[in-house]
Amino acid sequence: MAGNTEGREVLPDKLEDARQAGGKNSNRCTLILTEGDSSKALAMSGLTSDMRDFYGVYPITGKVLNVRKASPAQINRNKFIQDLTKILKLELQKEYTDTSSLRYGRVILMTDQDDDGTHMSGLLINLFSFLWPSLLKLPSSFLIDFVTPLIKVTHETKEAETFSSLREFKEWKEKDKAHATEWSVKFYKGLGSSTVEEGMLYFNQIDIHVREFVWEGDADGEAINIAFGGDPEKRKEWIRNNNQVDSLPGPRGNKITYKEFVNNELVLFTIANLQRSIPTMFDGLKSGERKIIFTAFKIDLTELTPLDVFSSLVSQHSAYHHSRKCISNVIIRMAQDFIGRNNVNLFEPSGQFGTSASGGKDAANEGYLHTKLKPVAWVLFPKADDDLLEYNLEYGRKLEPTRYFPIIPLVLLNGAKGIGSGFSTFIPQYNPRDVIANIRRGIKCEEMEPMVPWYRDFEGEIKKTGEGVYTSYGKCHDVNDNTVQISVLPIGLWTDDYKKILHALKANNGDPLIEDVSIHNDGSSMVFNVILSKKHKKEARREGYLKKFKLEKNITTTNMHLLMGGLIKKYHSPEEIIKDFYPHRLELYVKRKGKTALALTSEIVKLQRKIQFLKDVNRGVILVVGRLESEIIKELKSGDEKFLELSLTMDQCIELEKELAEKNQEVGHLNSSSAESMYEEDLKKFESMLSESEDLNSRKRGMMAMSCQRTVKPKKTQ
DNA sequence: AGGACGGCTAC
DNA sequence: GTTTGTAGCCGTCCT
């Protein structure tokens, strides 16, 4: 026991150690690693006092280090690995032939039943397989998966049933369709939604709630290495080979090989990670962004609303199951409009949403921010499309569309950055007018013009400087013999970061380029006055200020990935994206035309019948006066009793004939309009909206310049 | 050539 | 509740 207490002194506070851990019965002890503190609480309330002899619990907060891609130094300083090593008494480099030297004989992974939970399990498997592979190869499984139910159904009289997969639940529902509705269904979203009683039930029958991870051979190690190792090419290949996996994993047996886990389950996290990190080609939206837009339209977000309120509404309306703080951050990014961010922001930023001082990291807390949809949102996402889209469902409830079809590829206006698994993406921002022009060329089967990245209000230059490489340049000019003024920074270089760069140029020991820097705010942006010796200035001028002062930044088009029909597609130019995009948009107009024509036809038929009825009444063909309503209805073949709500005069008839003429005209207009001309109408609306905001912007800038002059002038006279 | 870092949605 | 550290990829910058 002496060794036991000695060890305990340095054990982490958050550990609930098994009483027998580290003693002579340590081999019979199990350490439960939980995903988050709330799962730890569930485990603690589920374990009986007796079980606490042999079960310890330790919560993991956040993601576990991918040791396979980490440096030894990073592994050494990692808090979780330090804790785990102490708790289990692990020794690095040791080849284990049994677990007798450890404080616990096995480890249970208790992660949420969702994609990120699977990822957590994967990272833990990866950790052991990389640092202590011998443990995973022991004949008796060292790692155990804790499997909690995903769905529970209860009945007034019958015994409750649980399912650990959606597929099992669906099969159960199909088997007895008639009575399925008598049951109430509970979906567990993470371990946090299990009750204390359910926790006790899990541990009371722990054997049916676990499955063993099994090491069969080298193929297991290879699978883990592909999923977590440093070769993204292998990972891409793995995703391509396994993305057909049923997104509803089947029933879980009591054993699974590491290879099966990686290829059938971990790959689902990979796909989810791509969905949330890489936008679709069609709407340029990541899944979270799509849920935000959907909610804003659904609740008609036309009044300024606090961000914390709005983000809660997103959770409710779109079944967003992650942290609300995350949504708020995404909304903030979508609303930002400083130079270098969105060319066409859909949300209005009201409050401190961040500035180009730090790339928007200086945004205020969500509680102090308000937002609403900008009018342009309805122009880019026409309401008339709503009936033509496909929608995601959750447990039968209609959620956001699987993808929107804005009238132009939004991803080219606002760009995209994202890091998924196997793939990342970077798409620059382009001028909406260039994009519209190329769509028009595409429709007319003309060659498209190559586009150069464009950022709203950016006053520097952007030029093509290589294959798939564009360079954005800042701006500077001479003020006097020893001063250069820098007034514009290249795209993506934030003023706070540039300060550091200038200070480094000044601190450069030996012969620094810069003697001094002073920073001024000219009203709308920062200006740097750089003071340097005449000699250095001459030299810098010869070599080029932009290069010398590090005012060049590349924008590449070599990593443009977008999702299309669940698959990742690599694009090599923005024009290629437009080529993929507009045929789908045109198809939507064809559908819209068909639907509108159908609706108009039925309205016209109704009008014609009403008119005929009124004519008949007025000519005396149908007698109305002195008869029962039911008799008249019987006489009418159409049987439409609503006719009697009409005023039975010829005036009414003339009114309806006018209406009919209008509808016929609409049909005429619709028949003469093509998908192309309907598209053109929508594009024109967007263009006029662009002009409006450009006018507004230039007026704003004019006012800023004036107020700036007023504040500067008195200083000059002093 | 090799390591560190920025960008972004998640735990 | 907020802050910090982590995943994941690729291009850039620094050593």
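All chains are named by letter (A, B, ...) in the order of the sequence lines, taking the proteins before the strands, and each is independently numbered beginning at 1.
Nucleic acid contact for A:Thr270: none, since no nucleic acid atom lies under 4.0 Å from a heavy atom of the residue. Within the 4.0 angstrom heavy-atom criterion, only backbone atoms of the sugar-phosphate kind lie near A:Arg341; the bases stay farther away. Contact annotation for A:Lys79: no contact, since no heavy-atom pair falls under 4.0 Å across all strands.
Remark: A:Ile332 CD1 to A:Arg341 CZ distance equals 11.0 Å, nearest 0.5 Å. Rounded to the nearest 0.5 Å, atoms CD1 (A:Ile108) and NE2 (A:His209) are 12.0 Å apart. Taken from CD1 in A:Ile256 to CZ in A:Arg211, the straight-line distance is 4.0 Å, to the nearest 0.5 Å. In this structure, the separation between CZ on A:Phe347 and CD1 on A:Ile292 is 6.5 Å, given to the nearest 0.5 Å.
Look at CG on A:Leu127: it is 11 Å from P on C:dA7, rounded to the nearest Å. A:Lys63 places its NZ atom 16 Å from the C1' atom of C:dT4, with the value rounded to the nearest Å. Taking atom CG of A:Asp116 as the reference point, atom P of C:dA7 lies 14 Å away to the nearest angstrom. Atom P of nucleotide C:dT6 and atom CD of A:Glu35 are separated by 17 Å, given to the nearest angstrom. We find that CG of A:Asp115 is positioned 19 Å from P of C:dA7, with the value rounded to whole Å.
No more than 12 heavy-atom neighbours from other residues, nucleotides or ligands sit within 6.0 angstrom of CD on A:Glu467.
Aromatic ring orientation, A:Phe213 versus A:Tyr258: parallel (interplanar angle below 30°, classes split at 30° and 60°).
Note on A:Asn78: every side-chain N or O is 4.0 Å or more away from OP1 and OP2 of C:dG5.
Using atom P as the reference point in both B:dC5 and C:dT4, the two lie 16 Å apart (nearest Å).
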Contact state string [nucleotides 8-15 of chain C, B base, S sugar-phosphate only, - no protein heavy atom under 4.0 Å] = BBSSS---
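The closest side-chain donor-acceptor pair between A:Thr465 and A:Asn554, if any, does not fall under 3.5 angstrom.
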When you look at A:Lys500 and A:Asp496, which way does the salt bridge (Lys or Arg N to Asp or Glu O under 4.0 Å) test go after all the steps?
-> CA-CA 7 Å; A:Lys500 286 182 210 152; A:Asp496 285 352; over 6 Å; no
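Looking at A:Ser45, its side chain does come within 3.5 Å of a backbone N or O of A:Leu42 through a donor-acceptor pair.
Taking the nucleotide of DNA chain B with the nearest heavy atom to each of A:Gly117 and A:Ser71, the more 5' of the two is matched to A:Ser71.
Protein chain A contacts DNA chain B from B:dG7 to B:dC11, reading 5' to 3' and using non-hydrogen atoms of the protein with a distance under 4.0 Å.
Tested against A:Arg290 for a side chain to side chain donor-acceptor pair (under 3.5 Å), the candidates A:Thr295, A:Asp283, A:Asn392, A:Thr402 yield a single pass: A:Asp283.
Taking every heavy atom of residues 346-373 of chain A and every atom of DNA chain B, pairs under 4.0 Å involve A:Lys361, by number.
Relative to the ring axis of A:Phe228, A:Arg68 does not place its NZ or CZ within 45° and under 6.0 Å from the centre.
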